[in-house]
Amino acid sequence: MVSAVGTNDHEIVIVGGGIVGLATALALHMKGVESLVLERSETLRAAGATIAIFANGWRCLDQLGVGEKLREKAALLKGTRDLMLYDNTIRDQPNGNVEQRCVKRSDLIKTLAEGLSSESIRFNSRVVAVEIDDSTSYPVVHLDDGNLIHAKILIGCDGAHSLVAENLGFGPAKFSGLVGIRGLTTFAEPHGFPNEFYRFRGRGSFVGRTPIDDHVVSWFLARPKLPGDSEIMDDPELMRDSTAKLVKELSVPSHIVEIVKNCDLETLSYTSIRYKTPWDLLVGSFRKGTITVAGDSMHVMGPYLQQGGATGLEDAVVLGRCLADGLQMNVKDRNGKIWREGVEMALDKYVKERRMRIFMLSLQSYLFGAMAMASSKHVKLAILIAMMILFGHRLSHTRYDCGKL
């Protein structure tokens, strides 16, 4: 038990000031409900260079009032070009009328935060424990400086290693065996690359590049974890050099190697790719009392569908809508039993609305990852047929509309 240096009371506390935490706070703010976001860093942070957002995510950003502003900073992508490294075949997959753009995470984070008051985000607030107060049955958040925060409603947006999800009974997310390295490269002159997601697959790795605008390109490498990774995680130059060497060994086009070699070091990030199994999402409890979760805390999945960010934005909109509606019931009786029951019903409505959506996305991502990593062509074909039967068109999931805020 952490001793209390000071105690604060807040009606709604959101743990995590990343994309989903800020989006949830903004959704509530737009419904006239204020919250406190606890962010462990000293400033806004944006781990990872960029985030791909399809149409379902842009609908959410429009509901949050920031869609048009962010569209000005991101190129519209026309589709995906896949180069299979093991047989040198190329497959073009146009997006048709489905909107897809790649946005700098820093732009997205900053834009979401601009819609909130400065008092809404408390920095240097590292959460070390979450418990339930025996006397009130409401959550208590313990910070590393010894302070306690009493909340009537607690929302965990604290990522794959979520302490809030742990309080709900979830174990840690599983490690996929892959790590992701991402970065941005800025060109002095227009790079001339077409507006498409260009991806190379094979030999257990994925390499890709996406233009952000005429001068900036986003790139990534997903590969198996290596014994020397601990040495490069905190050294951008080592990370760049080792990544360029590995990409070159994959025999991808030489311009990809040059993009990595000339990347902006401050944009480099290294992450372990984790996931929660579809069956965990199908049966797991996402609400205990007045505690719930959203984003990766709820449904971290592999990057194969590029839906992690957009799905988190869906969570924010649905949670903001359900919770705001629930809070309108018996608004004058903030400490009463009926008010609490109204909150719990609102959170249950949110969970019910999200469960099958995230289960199906997680299942699709899980199967896609299994297909990509399988060595047998027969296994690949079997998984592909199963995915076609279960999900239809490869972009059908991006047409989902979670509704108005």
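Along the sequence shown, the residues carry numbers beginning at 1.
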### Query
Does any non-hydrogen side-chain atom of Arg223 lie less than 4.5 Å from one of Ile181?
yes
### Query
Crowded around Glu266 CD? As in, over 12 foreign heavy atoms under 6.0 Å?
yes
### Message
Tell me whether Arg59 contacts the main-chain N or O of Tyr400 through its side chain, where contact means a donor paired with an acceptor under 3.5 Å.
### Response
yes
### Query
Do Arg71 and Glu99 sit within salt-bridge range, that is, some charged N less than 4.0 Å from a carboxylate O?
yes
### Task
Taking atom OH of Tyr366 as the centre, report whether more than 12 heavy atoms of other residues, nucleotides or ligands fall under 6.0 Å from it.
no
### Query
Heavy atoms, side chains only, cut-off 4.5 Å: are Gln364 and Met301 in contact?
no
### Task
State the CG-OG1 distance between Leu319 and Thr292, to the nearest 0.5 angstrom.
6.5 Å
### Query
Which atom names give the shortest non-hydrogen contact between Ala74 and Cys102, and what distance separates them?
CB-O, 3.3 Å
### Query
Is there a side-chain contact between Asp296 and Lys276 (heavy atoms, below 4.5 Å)?
no
### Message
side-chain contact (heavy atoms from CB on, under 4.5 Å), that's the test. Do Val13 and Leu38 meet it? Break it down for me.
### Response
CA-CA 7 Å; Val13 173; Leu38 301 178; 3.6 Å; yes
### Task
Locate the shortest heavy-atom distance separating Asp62 from Gly67; write the atom from each residue and the value.
OD1-CA, 3.4 Å
### Query
For the side chain of Thr111 and the backbone of Leu108, is there at least one donor-acceptor N/O pair under 3.5 Å apart?
no
## Note on the structure
Between Thr185 and Asn262, the two heavy atoms sitting closest are CG2-O, 3.4 Å
### Message
Could you tell me if the side chain of Arg287 sits less than 4.5 Å from the side chain of Glu344, heavy atoms only?
### Response
yes
### Message
Using modelled atom types and a 3.5 Å cut-off, is there a donor and acceptor pairing between side-chain atoms of Asp325 and backbone atoms of Cys322?
### Response
no
### Smallest separation among heavy atoms of Leu250 and Ser205, with atom names
CD1-CB, 4.1 Å
### Task
Report the residue from Leu163, Ile155, Leu154 that forms a side chain to side chain contact (heavy atoms under 4.5 Å, CB included) with Val15.
Leu154
### Task
Name the orientation class of the two ring planes belonging to Tyr198 and Phe200 (parallel below 30°, tilted from 30 to 60°, perpendicular beyond 60°).
tilted
### Message
Nearest 0.5 angstrom please: Leu64 CG to Leu61 CG, how far?
### Response
6.0 Å
### Query
Phe175 ring centre to Lys225 NZ or CZ under 6.0 Å, with the angle to the axis within 45°?
yes
### Query
Going by an N to O cut-off under 4.0 Å, is there a salt bridge joining Asp280 and Lys174?
yes
### Query
Does any N or O in the side chain of Asn95 come within less than 3.5 Å of the main-chain N or O of Gln100, such that one atom is a donor and the other an acceptor?
no
### Task
Using distance alone, with no hydrogens and no angle criterion, decide if Lys288 and Asn167 have a side-chain donor and acceptor under 3.5 Å apart.
yes
### Message
Is there a side-chain contact between Ile14 and Val20 in this structure, where contact means two heavy atoms from C-beta onward sitting under 4.5 Å apart?
### Response
no
### Message
Under 4.0 Å between a side-chain nitrogen and a carboxylate oxygen: does that hold for Glu353 and Lys349?
### Response
no
### Query
So do the side chains of Met360 and Phe391 get within less than 4.5 Å of each other, counting heavy atoms only?
yes
### Message
Taking Ile149's backbone N and O only, do any of them form a donor-acceptor pair with His142's side chain (distance below 3.5 Å, no angle check)?
### Response
no
### Message
Could you tell me if Arg209 sits above the aromatic ring of Phe197, with its cationic atom closer than 6.0 Å to the ring centre and no more than 45 degrees from the axis?
### Response
no
### Query
Under a 4.5 Å cut-off applied to non-hydrogen side-chain atoms, are Tyr270 and Arg182 in contact?
no
### Task
List the steps and the verdict of side-chain contact (heavy atoms from CB on, under 4.5 Å) for Leu26 and Met30.
CA-CA 6 Å; Leu26 183 55; Met30 294 185 71; 4.2 Å; yes
### Query
When you measure from the side chain of Ser176 to the backbone N and O of Ile273, does any donor-acceptor pair fall under 3.5 Å?
yes
### Query
Between Met233 and Met239, which heavy-atom pair has the shortest distance, and what is it?
O-CE, 3.4 Å
### Task
Without swapping roles, check the side chain of His393 against the backbone of Leu395 for a donor-acceptor pair under 3.5 Å.
yes
### Message
ring pair (Phe, Tyr, Trp, His ring centres under 6.0 Å) for His299 and Tyr275? Distances and angles first, verdict last.
### Response
CA-CA 7 Å; His299 49 66; Tyr275 69 99; over 10 Å; no
### Query
At what distance, to the nearest 0.5 angstrom, does CG of Asn124 lie from OG of Ser41?
8.0 Å
### Query
Sub-3.5 Å donor-acceptor pair from the side chain of Arg126 to the main-chain atoms of Asp144, do we have one?
no
### Task
Determine the minimum heavy-atom distance between Leu268 and Pro236, stating which atoms define it.
CD1-O, 3.3 Å
### Task
Quick one: pull up CZ in Arg40 and CG in Leu143 and give me the separation to the nearest 0.5 Å.
13.5 Å
### Task
Find the distance between CG (Leu168) and OG (Ser297) and round it off to the nearest 0.5 Å.
9.5 Å
### Query
So does Lys31 have more than 12 non-hydrogen atoms from other groups sitting under 6.0 Å from NZ?
yes
### Task
Verify whether one side chain among Asn56 and Gln307 offers a donor that lies under 3.5 Å from an acceptor in the other.
yes
## Note on the structure
Given the options Tyr304, Trp219, Phe220, Phe206 meets ring-ring contact (aromatic ring centres under 6.0 Å, His included) only with Tyr304
### Salt-bridge present (Glu314, Arg357; N to O < 4.0 Å)
yes
### Message
Does the plane of the ring in Phe170 sit parallel, tilted or perpendicular to the ring in Phe286? Use 30° and 60° as the thresholds.
### Response
parallel
### Query
Under a 4.5 Å cut-off applied to non-hydrogen side-chain atoms, are Leu44 and Phe123 in contact?
yes
### Query
Can Asp107 and Lys69 be counted as an ion pair, charged N to O under 4.0 angstrom?
no
### Task
Starting from the C-alpha separation in whole Å, work towards a yes-or-no answer on side-chain contact (heavy atoms from CB on, under 4.5 Å) for Val252 and Val257.
CA-CA 8 Å; Val252 301; Val257 180; 4.2 Å; yes
### Residues Glu237, Leu265; criterion side-chain contact (heavy atoms from CB on, under 4.5 Å); working and verdict
CA-CA 7 Å; Glu237 291 188 3; Leu265 289 177; 3.8 Å; yes
### Within 6.0 Å of NZ in Lys73, more than 12 heavy atoms from elsewhere
yes
### Query
Do the side chain of Thr398 and the main chain of Phe54 share a donor and acceptor less than 3.5 angstrom apart?
no
### Backbone of Leu116 reached by a side-chain donor or acceptor of Ser120 within 3.5 Å
no
## Note on the structure
In this structure, OG of Ser218 is separated from NZ of Lys104 (nearest 0.5 Å) by 10.0 Å
### Message
Less than 3.5 Å apart, any donor N or O on the side chain of Thr186 or Asp264 sitting next to an acceptor on the other?
### Response
yes
